[in-house]
Enquirer: 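Got a structure here, written out as structure tokens. Questions coming.
Quantities reported herein were computed from a predicted structural model and do not represent experimental measurements.
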Amino acid sequence: MSKTRILRDKVKLSVVVIAKNEEEMIADCLKSVKWADEIVLVDSGSKDKTIAIARKSGAKIIDASSTKLEFAKWRDIGLKEASRVLRFYLDADERATPELAVEIKKVIQGEEYSAYKISRRNFYLGKEMHYGGAWPDYVKRLFLKKNLKHWQKKLHEDPVFTGQMGELKEPLIHLT
């Protein structure tokens, strides 16, 4: 499989966040990706202030409250609704560090893979977890739109894509 050359002036990044009742977490999540060209929040029926907070941050809100509790479907809605060439998926309890932002911006500028896996620094009750599979905990989250076909499985969903997988060095923060 060959790598795909991406021209910097044509590439823009959409961040897709899936959420439901995340008023405690969503502001910091969205703030961590404010550098993106577009932020799409796929909301699965929030009854709290999640939507108002996301709207205030400038996110495009997609109402997915009529769909079943199925994370892959929500991610697929984000795939369809986001408009940029690259897709970066983030959960409400995750944060992109400034270092990860810089690395993603570099990806946009050069020769790239179709997809990237990113390690997560997992925090539980305020403490970083290093053992029991908690580090490195890789997730596949950055994709060229044309290569990402869909997501599968209801929980702990996996992307179906064509092309090669690369790996980013900088981790996500995951506040479980």
Side-chain angles (χ1 to χ4, degrees), residues 11-105 107-108 115-124 137-161 168 170-176:
V11 175
K12 300 287 184 178
L13 178 73
S14 291
V15 174
V16 176
V17 179
I18 58 174
K20 180 178 182 179
N21 295 328
E22 292 286 358
E23 69 182 5
E24 298 294 322
M25 297 287 238
I26 200 67
D28 287 341
C29 172
L30 298 177
K31 184 179 178 184
S32 79
V33 290
K34 66 182 178 187
W35 46 270
D37 299 295
E38 175 185 52
I39 299 173
V40 175
L41 178 86
V42 178
D43 184 80
S44 59
S46 292
K47 304 292 185 211
D48 64 0
K49 297 177 184 173
T50 298
I51 293 172
I53 294 166
R55 190 170 281 126
K56 186 177 178 182
S57 77
K60 176 182 176 181
I61 312 298
I62 306 300
D63 180 4
S65 59
S66 64
T67 60
K68 293 181 191 176
L69 176 63
E70 197 169 318
F71 291 90
K73 282 187 180 183
W74 296 332
R75 291 196 192 276
D76 282 343
I77 290 168
L79 173 62
K80 179 183 172 192
E81 295 292 334
S83 64
R84 305 308 197 253
V85 172
L86 277 172
R87 300 287 192 275
F88 177 40
Y89 285 84
L90 200 62
D91 293 340
D93 64 352
E94 295 173 331
R95 311 289 180 263
T97 64
E99 296 82 9
L100 179 59
V102 168
E103 188 173 12
I104 290 172
K105 289 174 187 176
V107 162
I108 291 171
Y116 288 86
K117 63 182 181 178
I118 304 168
S119 61
R120 290 191 299 187
R121 291 177 55 203
N122 291 299
F123 290 82
Y124 181 70
D137 171 26
Y138 286 100
V139 289
K140 300 166 191 162
R141 296 291 184 79
L142 182 63
F143 305 91
L144 281 169
K145 177 185 178 181
K146 69 180 183 175
N147 294 91
L148 179 57
K149 303 307 177 193
H150 62 89
W151 291 81
Q152 62 186 6
K153 296 198 282 184
K154 291 181 181 183
L155 183 61
H156 302 294
E157 58 284 2
D158 279 327
V160 175
F161 65 93
L168 297 183
E170 296 298 332
L172 283 170
I173 301 297
H174 184 211
L175 308 171
T176 61

Enquirer: For Lys12, does its backbone N or O pair with a side-chain atom of Asp37 as donor and acceptor, under 3.5 Å?
Expert: no
Enquirer: Please report the closest heavy-atom contact between Ser32 and Arg95, naming both atoms and the distance.
Expert: OG-CA, 3.6 Å
Enquirer: For the residue pair Ile39 and Ser57, establish whether any side-chain heavy-atom pair is separated by less than 4.5 Å.
Expert: no
Enquirer: I'd like to know if the side chain of Ser65 reaches the main chain of Gly45, judged simply by a donor and an acceptor atom lying under 3.5 Å from each other, with no hydrogens or angles considered.
Expert: no
Enquirer: Tell me whether Asp48 contacts the main-chain N or O of Glu23 through its side chain, where contact means a donor paired with an acceptor under 3.5 Å.
Expert: yes
Enquirer: Give, for atom CG of Leu86 and atom NZ of Lys146, the distance between the pair rounded to the nearest 0.5 Å.
Expert: 10.5 Å
Enquirer: Do Leu142 and Ile104 have side chains that get closer than 4.5 Å, going by heavy atoms?
Expert: yes
Enquirer: Please determine, by modelled atom types, if Asp137 and His174 share a side-chain donor-acceptor pair under 3.5 angstrom.
Expert: no
Enquirer: Kindly give the heavy-atom pair with the smallest separation between Asp76 and Trp151, and that separation in Å.
Expert: OD1-N, 2.8 Å
Enquirer: If you count the non-hydrogen atoms of other residues, nucleotides and ligands that lie under 6.0 Å from NZ in Lys153, is the total more than 12?
Expert: yes
Enquirer: Hey, what do you get for CZ (Arg55) to CD1 (Ile61), rounding to the nearest 0.5 Å?
Expert: 5.5 Å
Enquirer: Return the minimal non-hydrogen interatomic distance between Leu148 and Phe161, and the atom names on each side.
Expert: CA-CB, 4.0 Å
Enquirer: Please report the C-alpha distance between Ile62 and Trp74 in whole Å, then the side-chain angles of each, then the deciding distance to 0.1 Å, and finally whether the side chain to side chain contact (heavy atoms under 4.5 Å, CB included) criterion is met.
Expert: CA-CA 10 Å; Ile62 306 300; Trp74 296 332; over 6 Å; no
Enquirer: How close do Ile77 and Ala64 get, counting heavy atoms only, and between which atoms?
Expert: CD1-CB, 3.7 Å
Enquirer: To the nearest 0.5 Å, what is the distance between CZ on Phe123 and CG on Asp93?
Expert: 12.5 Å
Enquirer: Which atom names give the shortest non-hydrogen contact between Ile118 and Arg141, and what distance separates them?
Expert: CD1-CB, 4.2 Å
Enquirer: Spell out, as yes or no, whether a donor-acceptor pair under 3.5 Å connects the side chain of Asp91 to the backbone of Glu94.
Expert: no
Enquirer: Is any side-chain heavy atom of Asp43 closer than 4.5 Å to one of Ile18?
Expert: no
Enquirer: If we ignore hydrogens and angles and just use 3.5 Å, is the side chain of Glu38 paired with the main-chain N or O of Ala82 as donor and acceptor?
Expert: no
Enquirer: Atom NZ of residue position Lys60 - does it have more than 12 heavy atoms of other residues, nucleotides or ligands inside 6.0 Å?
Expert: yes
Enquirer: Taking the side chain as every heavy atom from C-beta outward, state whether Phe143 and Lys145 have any atom pair closer than 4.5 Å.
Expert: no
Enquirer: So Ile53 and Lys56, do their side chains get closer than 4.5 Å, heavy atoms only?
Expert: no
Enquirer: Can you confirm whether more than 12 heavy atoms, excluding those of Gln152, are under 6.0 Å from its CD atom?
Expert: yes
Enquirer: Could you check Leu172, Leu30, Val16 and say which one makes a side chain to side chain contact (heavy atoms under 4.5 Å, CB included) with Leu90?
Expert: Leu172
Enquirer: How far apart are the C-alpha atoms of Ile26 and Val17, what are their side-chain angles, what is the distance that settles it, and do they pass the side chain to side chain contact (heavy atoms under 4.5 Å, CB included) test?
Expert: CA-CA 9 Å; Ile26 200 67; Val17 179; 3.9 Å; yes
Enquirer: Verify, without hydrogens or angle tests, whether Thr50 (side chain) and Glu22 (backbone) share a donor-acceptor contact under 3.5 angstrom.
Expert: yes
Enquirer: Hey, is NZ on Lys105 packed in by over 12 heavy atoms from elsewhere, all under 6.0 Å?
Expert: yes
Enquirer: Which heavy atom of Arg87 sits nearest a heavy atom of Leu79, and at what distance?
Expert: NH2-O, 3.1 Å
Enquirer: Heavy-atom count check: over 12 atoms from other residues, nucleotides or ligands less than 6.0 Å from Lys34 NZ?
Expert: no
Enquirer: What's the separation between atom CD in Glu170 and atom CZ in Arg121, rounded to the nearest 0.5 Å?
Expert: 10.0 Å
Enquirer: Could you tell me whether the side chain of Tyr89 and the main chain of Arg75 form a donor-acceptor pair under 3.5 Å?
Expert: yes
Enquirer: More than 12 heavy atoms of other residues, nucleotides or ligands under 6.0 Å from OH of Tyr138: yes or no?
Expert: yes
Enquirer: May I ask you to test the Val15-Val40 pair for a side-chain heavy-atom distance under 4.5 Å?
Expert: no
Enquirer: Under the criterion side chain to side chain contact (heavy atoms under 4.5 Å, CB included), I'd like the reasoning laid out for Val102 against Glu99: C-alpha separation, chi angles, the key distance, then a yes or no.
Expert: CA-CA 5 Å; Val102 168; Glu99 296 82 9; 5.7 Å; no
Enquirer: Can you tell if the side chain of Leu13 reaches within under 4.5 Å of the side chain of Ile108, non-hydrogen atoms only?
Expert: yes
